[in-house]
Participant: 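Before I ask anything, let me first share the structure, which is written out below as structure tokens.
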Amino acid sequence: QVQLVQSGGGSVQAGGSLRLSCAASRFFSGTYCMAWFRQDPGEKVRERVAAMASDGTIRYADSVKGRFTISQDSTKDHLVLQMNSLKPEDAAIYYCAGKVGSTCYNDPGNYPAWGQGTQVTVSS
């Protein structure tokens, strides 16, 4: 299983911003879908919040549209999730995930590569 390495995250007050980064250079050289998922502690389900494919397709969950932005950084080596106007309900463990091929699935089971997870805490 390919490991992705995440950085960023932390704690912020509601309305604040955080940036998550994921080292993913081995995916960006071919066709891919890279995504960010989040999972509440104690929950089994991971929700896909954003996805970006090599064909240019970008998808966001309705709950984060207009507030979160998925992108590659300027070095083209990292997947980035910029999170603005954070709400307490955004608090979760966030994971980056990757797969070969440009079809982006909601089901986390379709992604063989995962980051280690990053805690995001939003206080009201």
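For the numbers below, each heavy atom of this structure counts, side chains included, while hydrogens, waters and symmetry mates do not.
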Participant: Among pairs that include at least one residue of residues 33-64, which meet ring-ring contact (aromatic ring centres under 6.0 Å, His included), considering only residues two or more places apart or in two chains?
Facilitator: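 Every pair satisfying ring-ring contact (aromatic ring centres under 6.0 Å, His included) with a residue in residues 33-64: Phe37-Tyr111, Phe37-Trp114.
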Participant: As an exercise, state the distance from CD1 of Ile70 to CD of Gln82, rounded to the nearest 0.5 Å.
Facilitator: 12.5 Å
Participant: Among residues at least two apart in sequence or on other chains, which ones pass side chain to side chain donor-acceptor pair (under 3.5 Å) with Thr57?
Facilitator: Asp55
Participant: Could you give all pairs that pass the salt bridge (charged side-chain N to carboxylate O under 4.0 Å, His left out) test and reach residues 32-41, with sequence neighbours left out?
Facilitator: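 Non-adjacent pairs meeting salt bridge (charged side-chain N to carboxylate O under 4.0 Å, His left out): Arg38-Glu47, Arg38-Asp90.
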Participant: Checking side-chain contact (heavy atoms from CB on, under 4.5 Å) against Met52, which of Leu79, Leu81, Thr69 comes through?
Facilitator: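 Among Leu79, Leu81, Thr69, the one meeting side-chain contact (heavy atoms from CB on, under 4.5 Å) with Met52 is Leu79.
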Participant: First locate atom OH of Tyr94, then atom CE of Met83, and finally report the distance between them rounded to the nearest 0.5 Å.
Facilitator: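 The CE atom of Met83 is 5.5 Å from OH of Tyr94, to the nearest 0.5 Å.
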Participant: Quick one: does Ser54's side chain have a donor or acceptor within less than 3.5 Å of a partner on Tyr32's backbone?
Facilitator: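 Side chain of Ser54 to backbone of Tyr32: a pair is present.
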Participant: Given 3.5 Å as the limit, does a donor-acceptor pair link the side chain of Arg48 with the main chain of Tyr105, or not?
Facilitator: yes
Participant: Inspect the surroundings of CD in Glu89 and state if more than 12 heavy atoms from other residues, nucleotides or ligands are less than 6.0 Å away.
Facilitator: yes
Participant: Sequence neighbours left out, what passes salt bridge (charged side-chain N to carboxylate O under 4.0 Å, His left out) with Arg46? Give chain and number order.
Facilitator: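 Counting only residues at least two positions away or on another chain, Arg46 forms no salt bridge (charged side-chain N to carboxylate O under 4.0 Å, His left out).
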Participant: Which pairs of donor and acceptor atoms, one on a side chain in residues 14-24, lie under 3.5 Å apart (sequence neighbours left out)?
Facilitator:
residue: Ser17; atom: OG; partner: Asn84; partner atom: OD1; Å: 2.9

Participant: State plainly whether one hydrophobic cluster holds both Val80 and Leu4, where clusters connect Ile, Leu, Val, Met, Phe, Trp and Tyr through side-chain heavy atoms under 4.5 angstrom apart.
Facilitator: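 As far as the 4.5 Å side-chain criterion goes, Leu4 and Val80 are not connected within one cluster.
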Participant: Show the numbers, then the answer: is there a side-chain hydrogen bond (donor to acceptor under 3.5 Å, both in side chains) between Thr118 and Gln6?
Facilitator: CA-CA 7 Å; Thr118 301; Gln6 295 179 224; 2.9 Å; yes
Participant: Would you name the heavy atoms of Asp77 and Asp73 that are closest together and state the gap between them?
Facilitator: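 Minimum heavy-atom separation between Asp77 and Asp73: N-OD1, 3.3 Å.
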Participant: Using 0.5 Å steps for rounding, measure from the NE2 atom of His78 to the OG atom of Ser7.
Facilitator: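 If we round to the nearest 0.5 Å, His78:NE2 and Ser7:OG are 6.0 Å apart.
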Participant: Give every donor-acceptor pair under 3.5 Å between a side-chain atom in residues 95-103 and any protein atom, sequence neighbours left out.
Facilitator:
residue: Lys99; atom: NZ; partner: Gly101; partner atom: O; Å: 3.2
residue: Lys99; atom: NZ; partner: Thr103; partner atom: O; Å: 2.9

